[in-house]
Amino acid sequence: MRSKAGTLLWRAVLAALLVCGTGLLPWISHTDPALTVLKTQSADRDATPQALADVRARLGLDDGPLHLLGQWLAGLPRGDAGRSWISGGPVMPDVLAALGASLLLVTAALVVALVTAAGVCARTLRLGARGGLDGRPAGGSGSAVLAALPEFLIASVLATVVGVQLGWLPALGWYGPQWTVLPALALGLPAGAVLGRLLDDQLPAAFAEPWALAAAARGLPVPRIARKALRRCVPGLLPNLGLFLVGLTGGSVAVEQIFDIPGLGRTTLQAAIAQDLPVLQAGVLVLVALAAVTTAVVRLAARRLIGPALRDGALHTLHRPAPPARRLPPLALGGALLAVILAGLPRDPLALDTDARLQAPSATHPFGADALGRDVLARVAHGALDTLTLALAISAAALAAGVLLGLLPRLSGPLVDTVNAVPPVLAALLVAAVRGGGAWTPALAVAVVAWAPLAAHTSALLREERATLHLTATRALGAGPWRLLTGELLPAVLPPVARHALLRLPGIALALASLGFLGLGAQPPSPEWGLLLAENQPYAERAPWAVLAPAAALALLGALAVTAAGLRPRPRRPRPRRRRTATDAALGTHSSERPSSQPELVGAA
């Protein structure tokens with residue numbers, strides 16, 4: 001009981017710090033909220049001292065930030081989140097309406113993600129239920145490409161091709177179920193590919209457990225065995241599914257911008273940019289509450305699925321040596337990406353050629369030219385250095401932090417929920433407010449939230465591994481906590497979490513690209529991949545190669561990450577030992593040490 005009370009208190013403290021921190025955003029960033037509000041309401045109005053004084057008097061800014069924060073908090077018990085500094089209307093109805101739009105979009109995206117994940121692991125389910133997985137290496141390059149495609153790029157292509165050119169579905173607005181299809185596809189396809197890969201990584205071990213072998217021997221139907229294997233593996237992925245739901249609610253800003261959806265992420269972003277503090281604080285508070293509710297539902301579902309086995313310590317470990325994947329695909333993909341980088345590095349990414357504006361691929365410009373006549377191959381190659389270096393550094397730091405904090409679930413659980421409730425865009429604004437803008441601002445913003453899925457995965461796997469039979473036996477033999485951690489738990493948990501971190505590498509590159517697409521990342525003339533996509537997006541119909549080149553590089557990175565994640569060291573085969581013979585006993589040697597030409601004499605010792 002005390003531990004639950006402490007966890008609730010820790011969760012409340014983190015939520016209060018986050019909400020109060022966003023309420024102090026203008027003063028932390030040393031900006032004048034009166035000037036920002038004035039320019040947002042009327043960009044043409046001069047910021048005279050009298051006009052600024054009127055805004056301060058109307059908003060009560062002269063009373064100080066702590067007074068404003070206390071006044072806002074005092075109205076929450078009555079359901080009053082204040083009035084918008086921009087529109088003057090009540091905040092809570094608008095925030096709840098934005099939440100409803102986001103939840104509807106996330107629900108549709110969840111359906112798409114689950115269907116996509118089912119397609120990714122369908123082969124493993126079919127073969128595993130029939131006992132045909134022995135020695136088969138993992139695949140998944142197609143899902144890797146899908147997972148690495150930027151959500152905003154998928155959204156732009158769907159809006160342009162399906163919505164505008166073909167006219168099959170509406171591309172803009174939010175007026176009914178038809179308007180949810182395209183944005184749900186843009187959000188659900190990459191997320192489903194990631195979830196499917198994580199599930200596909202655990203299924204072979206589930207099919208190798210005694211229950212699966214016994215079920216197959218008894219002749220149980222293949223679909224029933226597959227469903228039981230899913231039930232065995234899903235609890236370890238439920239925390240990441242919950243993070244996916246909360247993250248999409250506030251983090252689908254780019255997709256909401258493209259399709260003009262009045263969701264919670266877009267509303268929170270606009271409030272942060274305009275420094276409309278009542279709306280910003282209410283949006284963050286709703287996201288934190290949603291994260292807490294989702295976590296509670298996920299834990300309840302996990303207990304319903306494998307609760308008795310967790311309590312009784314009757315689980316079998318899912319982390320066993322698996323057959324090594326084929327080494328040719330990652331080598332080929334890595335070689336292709338390296339070839340693109342080496343081919344473009346000698347070229348100047350900033351050289352302008354006005355005669356080559358939007359030129360198609362040719363011998364002079366193998367990847368074509370952009371709207372200013374700059375060589376796209378050069379910009380992709382030089383941008384790869386920044387993008388890949390940052391993504392690798394953030395992934396390594398996220399893996400270390402995720403594993404360390406995942407080992408302390410009571411500390412990291414509420415922290416994961418709170419951090420995950422912060423959209424990367426809002427995190428970038430908060431980081432920029434604290435340390436100012438710059439090239440490292442998007443990297444710090446992504447690093448702040450990148451460790452959360454890995455910590456949740458670590459905690460979930462650790463909870464299941466502690467309930468395994470072999471750990472109970474090891475503990476009964478007298479092993480101490482340190483021996484259990486280093487000899488049993490970490491060797492079982494680290495490999496799947498490390499593969500998960502490698503799968504997240506393209507996602508981190510996409511997060512950096514998304515910030516660049518929204519104008520919060522690298523600034524021109526930087527060749528960072530997100531900025532390349534943002535700069536060339538308006539010319540996608542006239543010069544699709546300018547968008548496809550950085551998108552193909554991201555997809556290539558995703559395929560490389562997934563195929564490399566499937567690589568495992570080949571198990572060493574023990575050298576065969578021969579029986580000791582009478583001759584060996586007399587000579588003091590072993591039969592394996594004798595020359596092969598010597599006849600082997602087997603006698604009684």
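For reference, positions follow the sequence shown, starting with 1.
- By the side-chain contact (heavy atoms from CB on, under 4.5 Å) test, S395 is found to be paired with L505, I508, residues two or more places apart in sequence or in another chain being considered.
- For V112, the side-chain contact (heavy atoms from CB on, under 4.5 Å) test picks out T116, A184, L185, L189, with sequence neighbours left out.
- Sorted by first and then second residue, the side chain to side chain donor-acceptor pair (under 3.5 Å) pairs with a member in residues 276-292 read S84-D276; sequence neighbours excluded.
- Annotation: side-chain contact (heavy atoms from CB on, under 4.5 Å) contacts of I225 (sequence neighbours excluded): A129, F207, W211, A215, A216, L220.
- Applying the side-chain hydrogen bond (donor to acceptor under 3.5 Å, both in side chains) criterion to D260, with sequence neighbours excluded, gives R266.
- Side-chain contact between L290 and L103: present, with at least one pair of heavy atoms (C-beta onward) separated by less than 4.5 Å.
- In this structure, the side chain of S459 does not engage the main chain of A456 through any donor-acceptor pair within 3.5 Å.
- Not a single side-chain hydrogen bond (donor to acceptor under 3.5 Å, both in side chains) links T458 to another residue, sequence neighbours left out.
- With sequence neighbours excluded, no residue satisfies ring-ring contact (aromatic ring centres under 6.0 Å, His included) with W174.
- The list of salt bridge (Lys or Arg N to Asp or Glu O under 4.0 Å) pairs with a residue in residues 451-460, not counting sequence neighbours, is empty.
- Scored by the side-chain contact (heavy atoms from CB on, under 4.5 Å) test, Q178 finds P170 as partners (sequence neighbours excluded).
- In this structure, CG on L125 lies 11.5 Å from CZ on R227, to the nearest 0.5 angstrom.
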